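The structure presented is a predicted model; accordingly, all values stated were derived computationally and were not measured.
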Amino acid sequence: MPIEIVCKIKFAEEDAKPKEKEAGDEQSLLGAARGAAAPRDLATFASTSTLHGLGRACGPGPHGLRRTLWALALFTSLTAFLYQAAGLARGYLSWPHLVAMDPAAPAPVAGFPAVTLCNINRFRHSALSDADIFHLANLTGLPPKDRDGHRAAGLRYPEPDMVDILNRTGHQLADMLKSCNFSGHHCSASNFSVVYTRYGKCYTFNADPQSSLPSRAGGMGSGLEIMLDIQQEEYLPIWRETNETSFEAGIRVQIHSQEEPPYIHQLGFGVSPGFQTFVSCQEQRLTYLPQPWGNCRAESGLREPELQGYSAYSVSACRLRCEKEAVLQRCHCRMVHMPGNETICPPNIYIECADHTLGLCCLLPFLPLRHPPLHLSVSPLPNNLGSPPLSLFLGLFPGG
């Protein structure tokens, strides 16, 4: 016969209370343990860290001279590390580069450079009128006279036009050019373009970059051969020395690229009359890294002119632009050879202000002290620069 046994156990409320109290005491002990361990977190981390010296400088233990020395050594090492890391970061952010020169094979058909010619004498004596002599007295040193040969007194002439004076009284290439030959083909004065420089009216052969003449071979017979008459009988007589007085006779020549304006008074060379002069040149084109690797001027991505008045940026164009800004700022006009549409300086301003301002360009470091209102800019190098090294050979002209 099956037997069913039922057991019932009942806890008193007094027995549950001690258990709750024990659980609360355990939580309080854990919280107190955590609070007591919080101040020792840095010391615990330092003692367990693999960073050398950190445990000895910040680990548990008494503070003394040994710990101070370890802390000083750790701080010095950390400072040296940060200094070296900052130097490496600065070097990386400065875009370092190495200079490498790779000779490139010459192109099968190279473009012939532009050749600018200037007669050293700016004004032809026979082309000067009485008004020209009167207005150009400070430039030429010639005393103004009337048509009867007497010294001018109270004469009144119309206002001078420097462009007209230079164009009319300058040496005409059609009169100077006696023979012209390029690569076996005849050339004439119509193949030259008029350009104004510090020497007045000059002429440039092969000036158009859109229709540059090719040079298929080197040596004599493959380049430009010209014979010029400098018209020395037209040179101005020397009455007194001025900035424009020339004690020389001959032709000033500059060989340059079509994109670069002539800066012939500084970059040209002289050719003496009575001699046959051979000039050989070989173009050297240097490509500099633009910003941020260097301070050179990069080409515009849209091929837009970066200097007003010039189709391409070059050092010569930048110099002329800077000189024009200086003269315009100081004299309120520009010289004939300078770009722009501003008013042309009259002859008296040429000698009184413009030439004096251009002479100050050589004193650039002293300009802020001596001439505070005059400011000139600095010409950065273009990242693509070509320069023709020249070799000159002189030979006595037959019968010269």
Side-chain angles (χ1 to χ4, degrees), residues 116-176 189-190 192-204 230-246 252 261-262 264-265 308-309 320-321 323-360:
T116 299
L117 310 171
C118 297
N119 199 313
I120 294 180
N121 182 59
R122 183 188 292 192
F123 308 104
R124 289 179 296 133
H125 191 205
S126 64
L128 293 175
S129 64
D130 295 340
D132 297 333
I133 295 177
F134 177 81
H135 292 302
L136 300 176
N138 291 332
L139 287 174
T140 63
L142 299 178
K145 296 181 179 180
D146 59 13
R147 295 186 181 276
D148 297 329
H150 301 290
R151 189 173 184 84
L155 295 178
R156 294 294 181 265
Y157 294 105
E159 292 297 326
D161 183 359
M162 280 299 297
V163 177
D164 174 70
I165 293 176
L166 291 176
N167 185 53
R168 178 170 42 83
T169 65
H171 289 267
Q172 307 301 317
L173 184 62
D175 300 330
M176 291 193 300
S190 60
F192 290 77
S193 302
V194 176
V195 60
Y196 293 98
T197 68
R198 294 284 294 275
Y199 286 98
K201 188 177 183 180
C202 301
Y203 305 91
T204 301
I230 67 169
Q231 300 178 319
Q232 193 168 355
E233 70 279 358
E234 292 282 4
Y235 276 42
L236 295 179
I238 300 176
W239 289 84
R240 62 183 177 87
E241 183 178 355
T242 66
N243 291 341
E244 309 300 329
T245 302
S246 175
R252 193 80 172 174
I264 196 167
H265 62 285
Q308 184 179 1
L320 289 171
R321 183 69 181 179
E323 291 177 356
K324 178 240 180 166
E325 295 296 336
V327 173
L328 187 63
Q329 177 186 358
R330 193 174 183 84
C331 309
H332 309 290
C333 59
R334 67 177 179 90
M335 304 176 78
V336 176
H337 69 279
M338 296 177 176
N341 299 320
E342 292 81 6
T343 305
I344 302 296
C345 297
N348 61 317
I349 300 298
Y350 257 70
I351 194 67
E352 296 174 1
C353 182
D355 285 344
H356 180 66
T357 302
L358 293 181
L360 293 176

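- The OG1 atom of T357 lies 12.5 Å from the OH atom of Y350; values are rounded to the nearest 0.5 Å.
- N119 and Y203 share no donor-acceptor pair across their side chains, judged by distance under 3.5 Å alone.
- Atom CD1 of I344 is separated from atom CD1 of I165 by 12.0 Å, given to the nearest 0.5 angstrom.
- Taking N167 as the reference, K201 meet the side chain to side chain donor-acceptor pair (under 3.5 Å) condition, with sequence neighbours excluded.
- Within the 4.5 Å cutoff, the side chain of M176 has no heavy atoms near those of the L117 side chain.
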Query - Steps toward disulfide (SG to SG under 2.5 Å) verdict (C345, C331) - result: CA-CA 8 Å; C345 297; C331 309; 5.6 Å; no
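- Not a single salt bridge (Lys or Arg N to Asp or Glu O under 4.0 Å) links R124 to another residue, sequence neighbours left out.
- When all heavy atoms of C118 and I264 are compared, the closest pair comes out as SG-CD1, 3.7 Å.
- With sequence neighbours excluded, the residues satisfying side chain to side chain donor-acceptor pair (under 3.5 Å) with T204 are T116.
- The side-chain heavy atoms of V194 and Y196, taken from C-beta on, include a pair separated by under 4.5 Å.
- Between I230 and Y235, the closest heavy-atom pair is O-CE1, 3.5 Å.
- A donor-acceptor pair under 3.5 Å is formed between the side chain of Q172 and the backbone N or O of G170.
- The aromatic rings of Y157 and H135 stand perpendicular to each other, their planes meeting at an angle above 60°, with 30° marking the opposite boundary.
- The distance from atom CG of L328 to atom CE of M335, rounded to the nearest 0.5 Å, is 13.0 Å.
- Checked by atom type, the side-chain pair H171/Q231 shows a donor-acceptor distance below 3.5 Å.
- Between the R122 side chain and the R198 main chain, a donor and an acceptor come within less than 3.5 Å of each other.
- The shortest distance between side-chain heavy atoms of I351 and P347 does not fall below 4.5 Å.
- Across F123 and T169, no two heavy atoms sit closer than the pair CD2-OG1, 3.2 Å.
- For H265, the ring pair (Phe, Tyr, Trp, His ring centres under 6.0 Å) partners at least two apart in sequence or on another chain are Y263.
- Residue E159 qualifies as open at atom CD: its count of foreign heavy atoms under 6.0 Å is 12 or below.
- Annotation: side chain to side chain donor-acceptor pair (under 3.5 Å) contacts of E342 (sequence neighbours excluded): K324.
- Two residues are said to be in side-chain contact when any heavy atoms from C-beta on lie closer than 4.5 Å; P346 and M162 fail this criterion.
- By the ring pair (Phe, Tyr, Trp, His ring centres under 6.0 Å) test, F192 is found to be paired with F205, residues two or more places apart in sequence or in another chain being considered.
- Contact of the C333 side chain with the I349 side chain is registered, since non-hydrogen atoms from C-beta on lie closer than 4.5 Å.
- Shown here for L320 and P262, the closest heavy-atom pair between the two residues is CD1-O, 4.3 Å.
- Between V327 and M338, the shortest heavy-atom contact is CG2-CE, 3.7 Å.
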